[in-house]
Protein chains: 4
Amino acid sequence: MNGAQERPLRADAARNRARLLAAATEVFTTRGIATPTEEIARAAGVGVGTLFRHFPTKEALLEAVMVRRLEEIATATARLADNAERPGGEHADGERTDGDGGEDGSGGGAFFAAFRVVVERSAGKDEFTRALAAAGVDAHAALHASGTAIREHLARLLAAAQRAGAVRREVGMVELFALLVGTTTAVERLQDDPAARELVFTVVFDGLRPH
Amino acid sequence: MNGAQERPLRADAARNRARLLAAATEVFTTRGIATPTEEIARAAGVGVGTLFRHFPTKEALLEAVMVRRLEEIATATARLADNAERPGGEHADGERTDGDGGEDGSGGGAFFAAFRVVVERSAGKDEFTRALAAAGVDAHAALHASGTAIREHLARLLAAAQRAGAVRREVGMVELFALLVGTTTAVERLQDDPAARELVFTVVFDGLRPH
Amino acid sequence: MNGAQERPLRADAARNRARLLAAATEVFTTRGIATPTEEIARAAGVGVGTLFRHFPTKEALLEAVMVRRLEEIATATARLADNAERPGGEHADGERTDGDGGEDGSGGGAFFAAFRVVVERSAGKDEFTRALAAAGVDAHAALHASGTAIREHLARLLAAAQRAGAVRREVGMVELFALLVGTTTAVERLQDDPAARELVFTVVFDGLRPH
Amino acid sequence: MNGAQERPLRADAARNRARLLAAATEVFTTRGIATPTEEIARAAGVGVGTLFRHFPTKEALLEAVMVRRLEEIATATARLADNAERPGGEHADGERTDGDGGEDGSGGGAFFAAFRVVVERSAGKDEFTRALAAAGVDAHAALHASGTAIREHLARLLAAAQRAGAVRREVGMVELFALLVGTTTAVERLQDDPAARELVFTVVFDGLRPH
DNA sequence: GATGAATGAGACTTCATTCAT
DNA sequence: CATGAATGAAGTCTCATTCAT
């Protein structure tokens, strides 16, 4: 897609870029996107000038952070979606060996695993999305690409899970996404209470099963 | 608790205060809390000076908006909680008259009704909460008061619903609150798709039932 | 043209606006348009905020300064153009009373007077024009209006002077404007040498006469 | 004056220096002196580091550009001045052969030719001068040297032209310089209109002749 | 009391200059 | 020596808050 316009990037430059991305992820998530750029630069141990050399705009930095997150998620969902469809993927034969601690019990394990992945890696993403949407950046190429990929993987996983009778058929992509961001928000404030987190997942997953 | 210690407030002043509160609610919700104070003043049809006379700080205005919301929610949950416990409230005897618009069908109707109320009146509250939390204002008196009341009503409703076997017993207040904010977020983006909203509620409610 | 959108402007606001305009004229002319806004604000005795309340952009301030200059010039050239054409304006009859120390000597006095006016009030305008042009602001309404007026007045004066045989007929508006800005530049550095200034005017004026 | 005290400069270094000078001349003239140094480096096909190795300061680069221009002008005026004074230079005897492209017809041809040279090679110099002056660099050695030379040549040419009766005697060096920069400015905006340019020269030259 | 002009700290961004590669 | 990444001072503009009208 973009093959030649980015030269290899000098060693130190690459390191600084990585540091900035890490610092931005951390700072944006914990202190909100209103945090001054200077703060992020300081957290990354570089000057503001360096920040702006790598990301020409605060918004661009924001986007880069999101893109990285989305890409990670897309990678994970891709694996799950491929596995689930591969013949033999997700314990293919009939003999319900199961045992998958409640996550499914009747196919759809990959779907629920993907749901977890998306939720767990989306922490803090909420505010980012809002910010970008507000800036009218909805369709920035990179974002769009990863977003589309994730959407596609989830669609396949959802369909498979419904075929397997693991998820109620009324649920479509719209509801799925709403539940994903909702669960993300719910779980976000339960960082330190794993039991509560598990229970929230259980409630949502049970609610998604056919009734 | 504090009802009368502040002097009655002249008629026009009261009207301006009300206008500001309404405008702020609207503007903060639709355009985000970063909207300049001047915008809010304009929306309310008053000057900035007036805004700052009524609310010494932007943060104070934010808080006032939230307090009003919480109070409304508290009023609604109070009624539901009282009803549910009153002898005969929520069809007390065994004869499942039901008929409660599908909300449950086996006790717990008041609880689920309260869940809906909280979610539906909380739209946009999310960002407010974050903002206030960020400002270290977590325990501002007024907020705390209404918050406590709501928490108490919900606790009673939850207990009743669990006694009636309508809600799984593992769910405690922590999970309930997480699910409330989560569902609020989920539902927020489904403003224009009532069917999807309903389905989200169905999923969450079904998930809350004993399994 | 614009009648109602500008409210009367409070007394202090009007004073500050005037101060800012004066300070900007002074500062831009003497220290160049690269002078920081803060300098101008300080020179005007107000805060930067005030400057930006009155002129939303540095460029807007620049434009306002220019507009005022152009308007002054337009007023002066208007008077001269009208006078020259009024029956009896500029000693209408044939009897070359002359005596006008070289400024004309054969009609065209109004034209040469206008030339002087434009040059003398244009000091420093040069850099402004360049700056505005660079900013792609060439056709900003107000500027355009005054500019057009001046152009029109000068066209009439030039025609009259040529009819009177006071100016060579080959000269058109293009050359006239070029000579105007050229003479402005020439004269700008002769601020403190009135005799030299006069001589420059003499040279240009003599050159403009039929040969 | 300073020709050899700096070591010879390696071949590639010399080429880079030349490229930078050319690029700077071009860029400063077309896009203004506010153009970032990086732009100039890119135009020259080198890195910024190289630029700053050759010219320790942006201002130094600016000065170098000007010096080169002034030197070119000085070379041209030198030739003209020498020619005019050499016995037989500029058709010394009385027999008005003229033929000198119409520039004068009565001696002073070299003077007017020099005037043209200065004007035509000064395009864009205006902004440079201002910039340097603003930076308090008025008397930088190199600039001064070439400037002095030009001044001297012009003084000789002017004197000769006045002796020949081709230029009015009131005009001194002060007025001459003012007219030079003025004509430069006038002519600058007439780049694409040769006829208008010629007419401007004609006006100024006629104005300079005795009246 | 209401108004909106004034204020100035602070945000984002640019760019001349330095320095590691 | 060349390169271009890093730096941070400085510039333009915003906005919560104060205060004269």
Side-chain angles (χ1 to χ4, degrees), chain A residues 7 9-17 20 34-42 44-61, chain B residues 9-13 16 34-42 45-61, chain C residues 7 9-17 20 34-42 44-61, chain D residues 9-13 16 34-42 45-61:
Chain A
R7 70 197 75 176
L9 212 53
R10 240 166 58 181
D12 55 347
R15 198 185 53 234
N16 277 338
R17 206 193 125 89
L20 279 164
T35 317
T37 47
E38 197 147 351
E39 210 86 335
I40 296 164
R42 178 164 33 254
V46 305
V48 250
T50 304
L51 188 159
F52 279 94
R53 164 175 277 270
H54 284 285
F55 306 95
T57 284
K58 191 187 192 181
E59 197 185 307
L61 176 56
Chain B
L9 215 50
R10 256 169 47 179
D12 55 346
N16 278 342
T35 316
T37 48
E38 195 142 355
E39 208 89 330
I40 297 164
R42 176 162 39 252
V46 305
V48 247
T50 305
L51 188 158
F52 277 92
R53 167 169 288 273
H54 284 287
F55 306 94
T57 282
K58 192 187 192 182
E59 197 184 306
L61 175 56
Chain C
R7 69 198 73 173
L9 211 54
R10 241 166 58 180
D12 54 349
R15 197 187 52 236
N16 277 339
R17 206 191 125 89
L20 279 164
T35 316
T37 46
E38 198 148 351
E39 210 88 331
I40 296 165
R42 178 165 35 254
V46 305
V48 248
T50 303
L51 188 157
F52 280 96
R53 165 174 278 271
H54 284 285
F55 306 95
T57 284
K58 192 187 191 182
E59 196 185 307
L61 175 56
Chain D
L9 216 50
R10 257 170 45 181
D12 56 345
N16 278 341
T35 315
T37 47
E38 195 142 356
E39 209 88 333
I40 296 164
R42 176 163 37 253
V46 305
V48 248
T50 305
L51 187 157
F52 278 92
R53 166 168 288 273
H54 284 286
F55 306 95
T57 283
K58 190 186 193 183
E59 197 184 307
L61 175 55

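Lettering follows sequence order; numbering is per chain, from 1.
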Next on the checklist: Before you tell me yes or no, could you show the steps for D:T37 and D:F52 under side chain to side chain contact (heavy atoms under 4.5 Å, CB included), namely the whole-Å CA-CA distance, both residues' side-chain angles and the distance that decides it to 0.1 Å?
Outcome noted: CA-CA 9 Å; D:T37 47; D:F52 278 92; 3.9 Å; yes

Next on the checklist: As an exercise, state the distance from CG of B:N16 to NE2 of B:H54, rounded to the nearest 0.5 Å.
Outcome noted: 5.0 Å

Next on the checklist: Whole angstroms only, please: what is the NZ-P distance between D:K58 and E:dA16?
Outcome noted: 4 Å

Checklist outcome for this item: Minimal heavy-atom distance between B:T35 and B:I40, with the atoms involved, is O-CD1, 4.4 Å

Checklist entry - Closer than 4.0 Å, any side-chain N/O of A:H54 to the OP1 or OP2 of F:dA6? => result yes

Checklist entry - Hey, which of these two, A:T57 or B:G47, hits DNA chain E nearer its 5' end, going by closest nucleotide? => result B:G47

Next on the checklist: Mind checking if C:V46 touches a base, just sugar-phosphate, or nothing, with heavy atoms under 4.0 Å?
Outcome noted: sugar-phosphate

Checklist entry - Between F:dA6, F:dG4, E:dA5, which nucleotide has the shortest distance from any of its atoms to the side chain of A:A13? => result F:dA6

Checklist entry - Do any side-chain nitrogens or oxygens of B:T37 fall under 4.0 Å of OP1 or OP2 in F:dA16? => result yes

Checklist entry - To the nearest Å, how far apart are C:R15 CZ and F:dA20 C1'? => result 10 Å

Next on the checklist: If you count heavy atoms of other groups shown closer than 6.0 angstrom to CD of A:E38, is the number above 12?
Outcome noted: no

Item to check | Interatomic distance, C:R17 CZ vs E:dA6 C1' [rounded to whole Å] | outcome: 16 Å

Next on the checklist: Below the 4.0 Å mark, does F:dC1 have OP1 or OP2 next to a side-chain nitrogen or oxygen of D:R53?
Outcome noted: no

Item to check | Closest heavy-atom pair and its distance - D:A41, D:L51 | outcome: N-CD1, 4.0 Å

Next on the checklist: Could you spell out the base pairing of DNA chain E as a dot-bracket line? Use Watson-Crick and G-U wobble contacts where both distances are under 3.5 Å, [ ] for crossing pairs, | for partners on a different strand.
Outcome noted: .||||||||||||||||||||

Checklist entry - Over how many whole Å does the gap from A:L20 atom CG to F:dA5 atom P extend? => result 14 Å

Checklist entry - To the nearest 0.5 Å, how far apart are CZ in A:R17 and CG in A:L61? => result 9.0 Å

Checklist entry - Between B:F55 (CZ) and E:dA2 (P), how many Å, whole number? => result 12 Å

Checklist outcome for this item: Sorted by position of nearest nucleotide on DNA chain F, 5' first, the leading residue of C:T35 and A:L51 is A:L51

Checklist entry - For D:F52 and E:dT18, what is the distance between atoms CZ and C1' respectively, to the nearest whole Å? => result 9 Å

Checklist entry - Does a side-chain N or O from A:T50 land closer than 4.0 Å to OP1 or OP2 of F:dT7, or not? => result yes

Item to check | Gap between atoms CG and P, on A:L61 and E:dA11 respectively (whole Å) | outcome: 16 Å

Checklist entry - Where is the tightest heavy-atom contact between A:A44 and A:L20, given as atom of each residue plus distance? => result CB-CD2, 3.7 Å

Checklist outcome for this item: 5'-most contact on DNA chain F (nearest-nucleotide basis), A:G49 vs C:P56, goes to A:G49

Item to check | Gap between atoms CG and C1', on A:N16 and E:dA20 respectively (whole Å) | outcome: 12 Å

